[in-house]
Amino acid sequence: MCYLKNNEIDEFIVFNKKMYPLRRGLEESILYKLHHPYISRTDDIIYTIIVAKDKNERFIGQFQRIPCKYYIDGELFDAFWGMDYIVEEASRGNAAGVFLAKQALKDNHFGMGLSPISFKLHILLGEKHISDYYKYIRFKSLPDLLKFALSIIIKHPLLSRNTRDYYPNIINIGSVCFQKKSNPSDINWEFENNNYIEFSRDKEFLSWRFGSYPKVFTTYTYGDESGTKAYFIIRNVIWKGFPFLLLVDYKYRGNTLQPLLKAVSKILKKSHNYGIITLSSFSDVDRALKHNHYIKFGSNGQIVTNVKINLSKQQIKQRKSIFVTFADSDADFFYGNKDWYEL
């Protein structure tokens, strides 16, 4: 086990193309992660990526990580999101995989969207299952739902409508006014003293995560002189052959969640998309989504960590332990048609 070296990046990309042949734009995605603002790197070592090699110095496994910052009880801590843990098939019978995971998980770490085998391994290595995330979908209309369902039944995407985006500068929902922002770092999000885990949305993170692709993500905020009270960030995806809106990131205070969801629905109503897809790990969001006619779909995704945090069993059971969105980890990377953002 060792850290990836700068002069090995090209070889590392080739290894990933072999492991993930369906991903289009994989090289760009790796370079994007390497430009994360929280990464401090030496001239030779990239410490966020841990690799395993055979005796011939050939890559046989990896564990990629993205640095993150999380809040709980008003305090800020450093950790990692782990992703793309994989060992080539020919080497899975030896100790390389377990050894790689043991070394990688020594640092404070979160993981989500794990395969069944990877989840079992994380638990065996002492990590704690602290929540599940659910995926939700809302269709724009009954005809859109029926057309989508028919295409799934006949296993052939039907001819989709012409592309038409609708991103107004202002969306009024009662007394709440969401404004379109050209720069995601205009969001001024301050975390409160909550007893559950939330991940930082500081300006460095927002500029990297969304500002790197200004033609892909669209940002709306609601706030006043004291700061941002709610925001959401959306993008278009192709899922099952149909265009959808992906609600990638959202935060809210007080009673602003319902207006936020109604604002997203207002965009959907005048766009070419068939529906909205989003993700929730929190019970309050679950209830709000269901109230706005979202349907839970697909399998649940587990969230695990080795961080020593005092979360009660009741808190975990009630889905009040951690707040994540598609913007955390790599949850929206390659979502839908396996294409990278601008390809």
Side-chain angles (χ1 to χ4, degrees), residues 113 132-180 216-220 222 230-252 255-301 319 324-327 331-332 334-339 341:
D132 289 339
Y133 65 82
Y134 301 158
K135 288 174 289 185
Y136 287 91
I137 190 168
R138 177 190 172 174
F139 287 91
K140 179 161 61 177
S141 66
L142 181 58
D144 286 331
L145 170 58
L146 294 176
K147 187 175 181 180
F148 178 82
L150 178 60
S151 75
I152 300 299
I153 293 171
I154 66 175
K155 298 182 179 180
H156 188 275
L158 302 178
L159 184 63
S160 182
R161 55 173 70 99
N162 294 329
T163 299
R164 184 180 75 254
D165 288 328
Y166 173 75
Y167 299 122
N169 290 325
I170 293 176
I171 305 174
N172 289 306
I173 307 293
S175 61
V176 176
C177 176
F178 284 93
Q179 293 184 323
K180 183 181 174 183
V216 173
F217 298 100
T218 303
T219 301
Y220 284 89
Y222 162 63
Y231 77 84
F232 63 89
I233 299 175
I234 53 179
R235 73 176 178 97
N236 293 315
V237 295
I238 301 297
W239 185 65
K240 306 290 186 182
F242 285 84
F244 281 84
L245 275 180
L246 194 71
L247 177 52
V248 181
D249 199 26
Y250 56 89
K251 297 287 183 184
Y252 62 93
N255 297 320
T256 59
L257 179 56
Q258 289 290 347
L260 185 158
L261 294 175
K262 291 182 185 301
V264 179
S265 296
K266 207 166 184 178
I267 293 172
L268 171 68
K269 188 175 181 180
K270 294 188 178 182
S271 78
H272 69 286
N273 293 289
Y274 278 71
I276 309 166
I277 296 171
T278 195
L279 179 154
S280 166
S281 66
F282 210 69
S283 58
D284 292 348
V285 179
D286 295 337
R287 284 192 295 270
L289 290 170
K290 291 173 183 176
H291 180 76
N292 283 270
H293 311 295
Y294 284 77
I295 303 167
K296 182 171 170 282
F297 76 97
S299 57
N300 301 342
R319 293 175 53 73
V324 299
T325 70
F326 268 115
D332 91 302
F334 302 102
Y335 192 84
N337 60 353
K338 303 294 183 183
D339 272 339
Y341 290 141

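Quick note: residue numbers are just sequence positions, from 1. What's counted below: heavy atoms across the whole structure, side chains too, no hydrogens, waters or symmetry copies.
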Would you indicate whether the side-chain heavy atoms of F178 and I267 approach each other to under 4.5 Å? no
Quick one, Y250 with V264, criterion side chain to side chain contact (heavy atoms under 4.5 Å, CB included). Give me CA distance, side-chain angles, the key distance, then yes/no. CA-CA 11 Å; Y250 56 89; V264 179; over 6 Å; no
Let's go through Y274 and W239 carefully: what are the C-alpha distance in whole Å and the side-chain angles of both, what is the deciding distance for side chain to side chain contact (heavy atoms under 4.5 Å, CB included) to 0.1 Å, and is it a yes or a no? CA-CA 10 Å; Y274 278 71; W239 185 65; over 6 Å; no
Check: P168 main-chain N/O paired with Y220 side-chain donor or acceptor under 3.5 Å: yes
For a 4.5 angstrom cut-off between non-hydrogen side-chain atoms, does I234 reach Y167? yes
Please find the pair of heavy atoms, one from K140 and one from H272, that lie closest to each other, and give the distance. NZ-C, 4.3 Å
Would you say the side chain of N292 lies within less than 4.5 Å of the side chain of Q258, judging by non-hydrogen atoms? yes
I'd like to know whether F326 forms a side chain to side chain contact (heavy atoms under 4.5 Å, CB included) with I277, so could you lay out the CA-CA distance, the side-chain angles of the two residues, the decisive distance to 0.1 Å, and finally the verdict. CA-CA 10 Å; F326 268 115; I277 296 171; 4.3 Å; yes
Beyond-backbone contact of Y136 with D286, side-chain heavy atoms, under 4.5 angstrom: yes
Are R319 and Y134 in a cation-pi setup, meaning NZ or CZ lies under 6.0 angstrom from the ring centre and within 45 degrees of the ring axis? yes
Angle between ring planes, F217 versus Y341, binned at 30° and 60°: parallel, tilted or perpendicular? perpendicular
Side chains of L146 and P143: does their closest heavy-atom pair fall under 4.5 Å? no
Taking the six-membered ring for Trp, are F148 and F244 ring centroids under 6.0 Å apart? yes
Side-chain donor or acceptor of K266 paired with backbone N/O of N172 under 3.5 Å: yes
With a 4.5 Å heavy-atom cut-off, do N236 and L245 have their side chains touching? yes
Kindly indicate, with the supporting measurements, whether the criterion side chain to side chain contact (heavy atoms under 4.5 Å, CB included) is fulfilled by H291 and L261. CA-CA 10 Å; H291 180 76; L261 294 175; over 6 Å; no
With the side chain counted from C-beta on, respond yes when K269 and S265 share a heavy-atom pair under 4.5 Å apart, and no when they do not. no
Please answer whether the main-chain N or O of V248 pairs with a side-chain N or O of T325 as donor and acceptor at a distance below 3.5 Å. yes
